[in-house]
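Here the structure is laid out as structure tokens; the discussion comes afterwards.
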Amino acid sequence: MQTETIRGEKAALAGLVLFALAWRLLFFTGLQGTDDETYIADAVRLLKGGYSFDYVFSFRLAEIAPLAAFMKLFGISDTVAGMYNLLLSLGNVALAFLIARHYVPFRGALTAGFLTATLPVNVMLATMAYSDVPQVTFCALSYYLFLRGRSPWMLLASGACVGASYLSRESAVFYLLFLGVLFLIHKEDRKRLLWVAAGFAAVFLGECAFFGIRTGDPLFRHTVSSGIQRAAADRFLPTQEAVVRQMVWDNGSLLLNPLDPQVVHFGLFYFLFAVSVLALLKARRVGALKVLLLWWVIVALATNFFPVRLSPFLPALFAQARYFDCITIPAAIVTAAFLEGLGPRARGALLAAAFGVAVLCQVELKTWSDGQTAGVRGAYEVLKREPAPVVVYTDSGTLKILKILDGYAGRIEPRLLGRDLPSGERAFYLVGGIQSTKLPDPGAFARRVPPDAREVYAHVPREIRRNRFARFIVSPGMVF
């Protein structure tokens, strides 16, 4: 009987993961032309040699190295760039189920997995080349190994997973704060947590040794990253009033303010989570779930208040929905535990409402994400029909996107207008489009285009012309 139960749970978990896969493919995000273009460019640099550590993202090798491996196996494209995170995202769904099974019955674990599988921000990030998903996966895997770990080797592996998360994104250290508090309040787990700390220390000290030998500065990653983060924070939060508003209102309203534009990333998830926490506390049914609540609270507070500078105080991170992806799993399990205490009708109604709103949010996010690069993709479809090499003058962001769409094959030669001066050859000019907001003065970019160039729309698809694609310009005498 027990064997049949185990088989049934494995089959249900497999079905849940397959559903998550289908859901993510249905709402495939792909290239967005923001942080992902940098990760992809770094992966290409790693493949082709000449890699250098010169920016915050370049240190995140647990994202970049696997990305490069996938590109080595399957070629360079924006679709391939999403495969690594897609696999990790499916792993998150499975880990939500497996961790939940430690706290709630089988049905509750399925609910936790389902909530993780359908949370809009999770689905959106699943096929984007961002470092958020690896950070979440490795932290969740670390916690699962800690729960199951009885041998030192498994606990060392748990710590190494925290290290892998840190190599994906620096804010993984917030999870270490949670483990540190756990060490202080759970005497019975202190020895096991020391093994976890040793596993992380091995990864961290290995990184320090590498940079110590390479640059002479063991904390080279911190030196580079903190300077860039501080400059960004000073730029976007120039006054203490702006800092206070950011922490008290902007970040705090992300999850529970229905008027916040980023609430579409969560749907009803955090409203349901808040109700669950209040109900469990009132009924005194928290029990073992207090560890998960501790995980959520500490990481959420650190995400909001962790300083990049103490005097005057300046937070390290800004209000972005994806920063809270790292606490989805504990929130999903706590919510599932609350739903388990309800009757079938109430539980079914709440899940149906949460899923229905998640679908609407997902459609909105899909529409938005498709529009992010629609203009550049439309231009690329026109350009790739031209005899190679095709010279294109454009802004820096669009330049990177064109290289990715071209698979770094060299068929298209994008050049930076204003830095690379036109030399009289046949050339196209992409003006405006999705990346124009990166320019201090988009109008100045348009004015750099040769005055005798003409605009061409005839072969650009109508839906692209109605989108954010601004001006597609071709040099005189050039025809499609």
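As a basis for the values below, the full set of heavy atoms in this structure was taken, side chains included, without hydrogen atoms, waters or symmetry mates.
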Any side-chain heavy atom of [X] sitting closer than 4.5 Å to one from [Y]?
X      : Y      : result
Arg107 : Glu340 : yes
Val291 : Tyr143 : yes
Arg60  : Ser168 : no
Met83  : Leu73  : no
Cys361 : Phe266 : no

Exercise for the section: Output yes when a side-chain donor or acceptor of Asp78 lies under 3.5 Å from a complementary backbone atom of Ile404, and no otherwise. Expected result: no
Exercise for the section: Return yes if some donor-acceptor pair links the side-chain N/O of Thr29 with the main-chain N/O of Met124 below 3.5 Å, else return no. Expected result: yes
Handout entry: Side-chain donor-acceptor pair present, Tyr166, Glu207, cut-off under 3.5 Å
Key = yes
Practice task
For Ala126, enumerate each residue passing the side chain to side chain contact (heavy atoms under 4.5 Å, CB included) test, keeping only those at least two apart in sequence or located in another chain.
Solution key: Arg24, Ser89
Completion exercise
Residue pairs meeting salt bridge (Lys or Arg N to Asp or Glu O under 4.0 Å), one or both in residues 136-165, sequence neighbours left out, come to none
Exercise for the section: Return each pair, listed once, that meets salt bridge (Lys or Arg N to Asp or Glu O under 4.0 Å) where at least one residue sits in residues 273-288; pairs must be two or more places apart or across chains. Expected result: none
Exercise for the section: Determine whether more than 12 heavy atoms belonging to other residues, nucleotides or ligands lie under 6.0 Å from atom NE2 of His222. Expected result: no
Problem - Check: Phe178 ring centre within less than 6.0 Å of Trp296 ring centre - result: no
Exercise for the section: Taking only Lys NZ, Arg NE, NH1 and NH2, and the carboxylate oxygens of Asp or Glu, determine whether Arg45 and Asp42 approach each other closer than 4.0 Å. Expected result: yes
